[in-house]
Amino acid sequence: MSVLHPDILTHDEEGALPVRLVGRGVPLSGSEAVWARAHDFTGKAGQLLSLPGGGGVLGGAVFGIGDRFDPASTRGLAARLPAGLWRLEGVSDDQATRAAQAFALGAYRFDRYKARPATGPRLSVPLSVDIEVLSRIASACALAREMIDTPAADMGPLQIETIAREIAEAHGASLMVTTGEALLEENYPAVHAVGRAATEARAPRVIEINWNLDRTDLPLVALVGKGVVFDTGGLDLKTAAGMRNMKKDMGGAAHALALGRLVMQAGLAVRLVVLVAAVENAVSADAFRPGDILNSRKGLTIEIGNTDAEGRLVLADVLTRASEHAPDLTLDFATLTGAARIALGPELPPLYTDDEALAADLLAAASAVGDPVWRMPLWPGYVAALDTEIADVKNDSSAWAQAGSVTAALFLQKFAPTTGAWAHMDIFAWNPRARPGWPEGGEAQAMRACFEMLRGRYAG
Ligand code: BES
Ligand code: MN
Ligand code: ZN
């Protein structure tokens, strides 16, 4: 997979045109002020105005930042500036680093299906900016976004496996893949049940990357992701509108893999396990059914109330697998519920954890890097909404509880490792509205926050 234009950020300055960040009130003078007035440029956040140079060439630009410097607005700069090399004027070193990170994130375009991909701007940054570090993070986000944006026909279980293999090989990690009928022999019954309706070339699989596992002196981190390559809802079929964007239902897997790559690239002092369940929730004569009772790797039986609550089923088995490594920390990412969007909207992913220290570290990291999460409760009173008379647990919580993102998290909690801390993020992984730098489509959410938290705890 292509990831990110490799030199979107550069220390090279030759020929770079200046772009000045200006606040509201516009401290411009002379002919620039006249030009700005003629174009209704007020310094409002996100406004871009090209400035003429001599002889009809482009001389530079001014970019509005509104009332204060917010690095997120620099994402819009990458989307609005004309192609060419630019340098920021009027920013401190610290602002330059944060602006450069946002610029690299804002430069993402999903163009693999375009005959003529557009070329965008590049940014010349001062030597104080660590391009390598920023590019890795932007590339991780680009990888997750590109995997999400890629249609399900071209991002099936095998393609996810291939990406996992490339990541593992690049860092001397080992890869284990359990596919199709072998899922039954190796005791992943829920993954098999959800994925078995897919055509053979798109057979369900559990993908596991192990890195550094012989370093038993180091803490073990497990990253777990929901990789439903397309969610039709199964026999409880979704509506057309509900199905339209379900190519993104492997977003959790994309996040776990991209974050795993970041951890290995940074050489964090941890043992790492990345676990992904890659399945298609398809419809066929062999599909699992409402009313079926599945076994799980943990041995808990699960009554199927709704085949559209499939994510928690596959996660149950891979969370159990994660617990077999006795992790000190487990993070899972999943586009798990529509209810998460109803609770918090598409831009603020619910975070669930009972570990106070982990919650504090994650929330601090999230605000430090501008990648928000919002803590939600693992409210024990609602566990009863998962009770059923005829199995150990059911996959569709009782209607009295509502709070669908909470009850889904409580379901996962029954399977999550208990040797260390566990956090679950119910991500939307998608921008439903286009803003400059935030094109409609796949989005990495909570991943930079998690990396910042991990870096803070485990930087070598
Ligand atoms: N992948 C969906 C959740 C989803 C839907 C995430 C839309 C983001 C946007 C998940 O598998 C699902 O269908 N969940 C159901 C659960 C319900 C049947 C208990 C839901 O949220 O409606
Ligand atoms: Mn579903
Ligand atoms: Zn789903």
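Only this structure's heavy atoms are used, side chains among them; waters, hydrogens and symmetry mates stay out. Indexing begins at 1, ligand by ligand and atom by atom, following the structure's order. Note that the structure is predicted; figures quoted are calculated from it, not measured.
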Using heavy atoms and a threshold below 4.0 Å, how should the contact between [X] and ligand 1 be classified: side chain, backbone, both, or neither?
| X | result |
| --- | --- |
| Arg341 | neither |
| Asn281 | neither |
| Met243 | neither |
| Trp430 | neither |

Task: Short N or O distance, Lys238 and ligand 1, threshold 3.5 Å exclusive - done: yes
- [ ] Report the name of the N/O/S atom of Asp249 located nearest to the Zn ion (ligand 3).
- [x] OD2
- [ ] Of all N, O or S atoms in Glu310, identify the one at the shortest distance from the Zn ion (ligand 3).
- [x]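 This turns out to be OE2.
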Task: Metal-centred angle, OD2 of Asp231 through the Zn ion (ligand 3) to NZ of Lys226, rounded to 10 degrees - done: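 Roughly 170°, rounded to 10°.
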Task: Options Lys248, Glu310, Arg244, Met246, ranked by nearest heavy atom to atom 5 (C) of ligand 1, top entry - done: Met246
Open item on the list: Could you work out, for atom 22 (O) of ligand 1, the closest of Gly311, Pro346, Gly338 by heavy-atom distance?
Closed with: Gly338
Open item on the list: Check Arg435 with Glu347, please: is the shortest side-chain N to carboxylate O separation under 4.0 Å?
Closed with: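 Yes, this pair counts.
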Task: Salt-bridge contact Arg165-Glu208 (side-chain N to carboxylate O under 4.0 Å) - done: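 Salt bridge between Arg165 and Glu208, a charged N being under 4.0 Å from a carboxylate O: no.
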Task: the Mn ion (ligand 2) reached by Asp308 (N, O or S, under 2.8 Å) - done: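 Under 2.8 Å: Asp308 contacts the Mn ion (ligand 2) through an N, O or S atom.
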- [ ] Please find out if the Zn ion (ligand 3) and some N, O or S atom of Asp308 are separated by less than 2.8 Å.
- [x]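 It does not; every qualifying atom lies at 2.8 Å or beyond.
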Side chains of [X] and [Y]: do they bring a donor and an acceptor to under 3.5 Å?
| X | Y | answer |
| --- | --- | --- |
| Tyr188 | Ser296 | no |
| Tyr113 | Asp154 | yes |
| Asn395 | Glu310 | no |
| Arg205 | Thr178 | no |
| Asp332 | Trp422 | yes |
| Asn431 | Glu440 | no |

Open item on the list: Need the atom name: nearest N/O/S atom of Glu310 to the Mn ion (ligand 2).
Closed with: OE1
- [ ] Of all N, O or S atoms in Asp231, identify the one at the shortest distance from the Mn ion (ligand 2).
- [x]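 The nearest such atom is OD2.
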Got the closest protein heavy atom to [atom], with its distance?
| atom | value |
| --- | --- |
| atom 15 (C) of ligand 1 | Asp308 O, 3.9 Å |
| atom 16 (C) of ligand 1 | Arg312 NH2, 3.9 Å |
| atom 1 (N) of ligand 1 | Asp249 OD1, 2.8 Å |
| atom 17 (C) of ligand 1 | Ala309 CB, 4.3 Å |
| atom 10 (C) of ligand 1 | Leu336 O, 3.3 Å |
| atom 2 (C) of ligand 1 | Asp231 OD2, 3.6 Å |

Task: Donor-acceptor pair, side chain of Thr335 and main chain of Ile427, under 3.5 angstrom - done: no
Task: Donor-acceptor under 3.5 Å (Asn281 side chain, Asp231 main chain) - done: no
- [ ] May I ask you to check if Lys248 and Phe428 form a cation-pi contact, with NZ or CZ under 6.0 angstrom from the six-membered ring centre and within 45° of the axis?
- [x]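 Yes, cation above the ring, under 6.0 Å and within 45°.
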Could you list which atoms of ligand 1 come closer than 4.0 Å to a heavy atom of [X]?
| X | value |
| --- | --- |
| Thr337 | 3 (C), 4 (C), 6 (C), 21 (O) |
| Thr335 | 1 (N), 2 (C), 3 (C), 6 (C) |
| Lys226 | 1 (N), 10 (C), 11 (O) |

Open item on the list: Could you walk me through whether Thr330 and His424 satisfy the side-chain contact (heavy atoms from CB on, under 4.5 Å) test, starting with their C-alpha distance in whole Å, then the side-chain angles of each, then the deciding distance to 0.1 Å, before giving a yes or no?
Closed with: CA-CA 8 Å; Thr330 302; His424 156 61; over 6 Å; no
Open item on the list: Within this structure, what is the CG-OG1 distance for the pair Asp392 and Thr301, rounded to the nearest 0.5 Å?
Closed with: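 The distance works out to 3.5 Å.
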Task: Value rounded to 0.5 Å, distance of CG in Asn210 from CG in Leu272 - done: 8.5 Å
